[in-house]
2 protein chains.
Amino acid sequence: MENANKNNHFNPAFVCGYKDPDAVRELLTRVGDRWSILLILTLFKLHESRARFSELENSIPGISQRMLTLTLRNLERDGLIERELFPEVPPRVEYELTNLGKSLIRPLEGLIDWVTINWEEVNKAQVQYDSK
Amino acid sequence: MENANKNNHFNPAFVCGYKDPDAVRELLTRVGDRWSILLILTLFKLHESRARFSELENSIPGISQRMLTLTLRNLERDGLIERELFPEVPPRVEYELTNLGKSLIRPLEGLIDWVTINWEEVNKAQVQYDSK
DNA sequence: CGGCATCCGTTCCGATACTG
DNA sequence: CAGTATCGGAACGGATGCCG
């Protein structure tokens, strides 16, 4: 994204009260991808924000090994989780939320709560919209 | 998504404390797409949660006409915004957040706040990760 | 066990052109 | 002004096979 609009009055960076719309967008691509939030929340709910690879794989129905790996890598790169390899045979790998990652739990749960409360109304709106 | 895992102990629908992981995922695809959040927040910040098409187009740098239209349609379908057409020449169309849409503002701002506070740390983590 | 590499279909989305 | 239609590249993500 180039530096876009000189007219800050209509720049959402101004309008929305934050400085870096690209940062927001980058987070949102992470938040919005298919598995990141489920992964973070699942990791949080498992014993002390810590779990091994296979446990996560079993705890998130439908995720493929590939996407679990990729999602874990991205979150590790963002500093939200830490990876620890135990050099055993067979190998054991454990993932744990960092403090940064844990700090994301509350805002994420805010979203989840909204869904829980309002999803039925969203569904009704969709049905009504589609009937026309 | 098939009905997946019978073992609810490891079903994130159970683990994360919500009933409908598909609903969560469907919201997240909306939340996570390139423009929805910016659009909702921009609409909220403009005069009384209401703006016309061209105003939104100018307020969101980088959005294409096509994506603005599509994003507006999807949000309208979800019941988060309402569209009002004034049959003038040239036509005028105004969009407004519904109460349902406004109720999403707070959790969204929770996310934005998190980004504002923590993005620098995320960036440092990324740089450090990439240097290896 | 916990990956990585490859292939491949699907979806996303920007660019462009056209319209009431 | 506020759209719609079409095209094509890019990104996403599932399936499969291999490997230390």
Side-chain angles (χ1 to χ4, degrees), chain A residues 1-2 4-5 10 21-22 25-39 42-43 46 50-77 81-96 129, chain B residues 1-2 4 10 21-22 25-39 42-43 46 50-77 81-96 129 132:
Chain A
M1 187 68 50
E2 64 294 348
N5 204 329
F10 283 119
D22 289 347
R25 201 126 60 201
E26 193 170 334
L27 169 80
L28 294 181
T29 62
R30 186 76 70 254
V31 162
D33 77 14
R34 198 165 172 68
W35 302 110
S36 291
I37 289 188
L38 278 182
L39 181 49
T42 302
L43 198 47
L46 293 175
R50 193 175 179 89
R52 54 190 299 186
F53 187 90
S54 53
E55 197 171 6
L56 289 170
E57 196 172 8
N58 293 326
S59 300
I60 305 176
I63 196 169
S64 64
Q65 204 179 38
R66 169 186 150 84
M67 289 318 295
L68 180 55
T69 300
L70 285 178
T71 306
L72 286 166
R73 287 296 163 277
N74 284 330
L75 295 175
E76 188 192 358
R77 178 170 180 268
I81 63 175
E82 268 173 8
R83 177 179 187 271
E84 187 174 5
L85 167 68
F86 298 86
E88 309 165 358
V89 179
R92 177 164 58 101
V93 178
E94 291 189 4
Y95 293 91
E96 185 170 14
Y129 184 94
Chain B
M1 186 70 50
E2 63 294 349
F10 283 120
D22 288 347
R25 200 125 62 201
E26 193 171 335
L27 170 79
L28 294 181
T29 62
R30 186 75 70 254
V31 163
D33 78 13
R34 199 163 172 68
W35 302 109
S36 292
I37 289 189
L38 278 182
L39 179 50
T42 301
L43 198 47
L46 294 175
R50 193 176 178 88
R52 52 192 299 187
F53 188 90
S54 53
E55 197 171 6
L56 289 169
E57 197 172 8
N58 294 326
S59 300
I60 305 176
I63 197 170
S64 63
Q65 206 178 36
R66 169 187 148 83
M67 287 318 293
L68 179 54
T69 301
L70 285 178
T71 306
L72 285 167
R73 288 294 165 278
N74 283 330
L75 295 175
E76 189 192 359
R77 178 171 180 266
I81 62 175
E82 267 173 8
R83 177 181 186 271
E84 188 174 3
L85 166 67
F86 299 86
E88 309 165 356
V89 179
R92 177 163 58 101
V93 178
E94 292 189 3
Y95 293 91
E96 184 170 14
Y129 184 94
K132 294 184 279 192

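Not measured: the values here are computed from a predicted model. All values below were derived from every heavy atom in this structure, side-chain atoms included, with hydrogens, water molecules and symmetry-related copies excluded.
Considering every non-hydrogen atom in both A:Pro87 and A:Leu85, the closest pair reads CD-O, 3.5 Å. Minimum heavy-atom separation, B:Ala51 to B:Leu46: CB-CD1, 3.6 Å.
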Sub-3.5 Å pairs of nitrogen or oxygen atoms, protein against nucleotides 13-20 of chain D:
| unit_1 | atom_1 | unit_2 | atom_2 | d |
| --- | --- | --- | --- | --- |
| D:dG13 | OP1 | A:Arg34 | N | 3.4 |
| D:dG13 | N7 | A:Arg66 | NH2 | 2.7 |
| D:dG14 | OP1 | A:Arg34 | NE | 3.0 |
| D:dG14 | N7 | A:Arg66 | NE | 3.2 |
| D:dG14 | O6 | A:Arg66 | NE | 3.1 |

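With values rounded to the nearest 0.5 angstrom, B:Thr42 atom OG1 is found 13.0 Å from B:Glu57 atom CD. How far OG of B:Ser36 is from CD1 of B:Ile81: 9.0 Å, rounded to the nearest 0.5 Å. Put simply, CG on B:Leu38 and CG on B:Leu68 are 11.5 Å apart, with the number rounded to the nearest 0.5 Å.
Along DNA chain C, read 5' to 3', the first and last nucleotides having any atom under 4.0 Å from a heavy atom of chain A are C:dC1 to C:dT6.
B:Leu72 has its side chain within reach of B:Phe53: a pair of non-hydrogen atoms, C-beta onward, lies under 4.5 Å apart. Under the 4.5 Å side-chain criterion, counting only non-hydrogen atoms from C-beta, A:Ile63 is not in contact with A:Leu56.
Tested against B:Arg50, the residues B:Glu55, B:Glu84, B:Glu82 include a single side-chain hydrogen bond (donor to acceptor under 3.5 Å, both in side chains) partner, B:Glu84.
Residue B:Tyr95 is in sugar-phosphate contact alone, with no base atom involved, counting any heavy-atom pair closer than 4.0 Å across all strands shown.
Protein atom CD of B:Glu88 is 13 Å distant from nucleotide atom P of D:dC1, rounded to whole Å. To the nearest angstrom, P of D:dT4 lies 13 Å from CD of B:Glu57. One atom, CG of B:Leu56, and another, P of D:dG3, lie 10 Å apart when rounded to the nearest Å.
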